[in-house]
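Data block below; observations after.
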Amino acid sequence: MPADDRQRQYRRDMLAASTLIAAGLVVSVLSMTKIMAGDSVHIAQATPPTQSTPGAETKPSGPPPEPPATGQRPSDIPPQPARPDPDAQKQGAQPALPPAPAEKTAPPIREK
């Protein structure tokens, strides 16, 4: 009898698994048909052209545009040191970086 119970349980499990697989296939097919039935042509709509304000020809223009970036560091701003000089430290300036860790040394590697 225990073998019959195991066989019934196996059949029930296989039926449940088959039902889940069939339901997944049905959902996939329905999704694909909905995607295919949709409008396949999509049109991108551009923004309408800008219209100038009335009387813009008589008004003065805005500030001159900034020159394009050259990718170089500006020369009028000097770089700041990470560690202020001792006189500045006495006056209360804090270093931008923490003190460097001590050097770690290991014994030399022996050659074989």
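Hydrogens, waters and symmetry mates are skipped; everything else that's a heavy atom, side chains included, is used. The model shown is predicted, which means the values in this text are computed figures rather than measured ones. Sequence positions, counted from 1, serve as the residue numbers for this chain.
- Separating the OG1 atom in Thr33 from the CE atom in Met36 is a distance of 9.5 Å, to the nearest 0.5 Å.
- Side-chain contact between Arg12 and Gln9 is present, with at least one heavy-atom pair separated by less than 4.5 Å.
- Between the CG atom in Leu15 and the CG atom in Leu20 there is a gap of 9.5 Å [rounded to 0.5 Å].
- Summarising the geometry, atom CG belonging to Leu30 is positioned 11.0 Å from atom CD1 belonging to Ile35; distances are rounded to the nearest 0.5 Å.
- Remark: Thr19 OG1 to Met14 CE distance equals 11.0 Å, nearest 0.5 Å.
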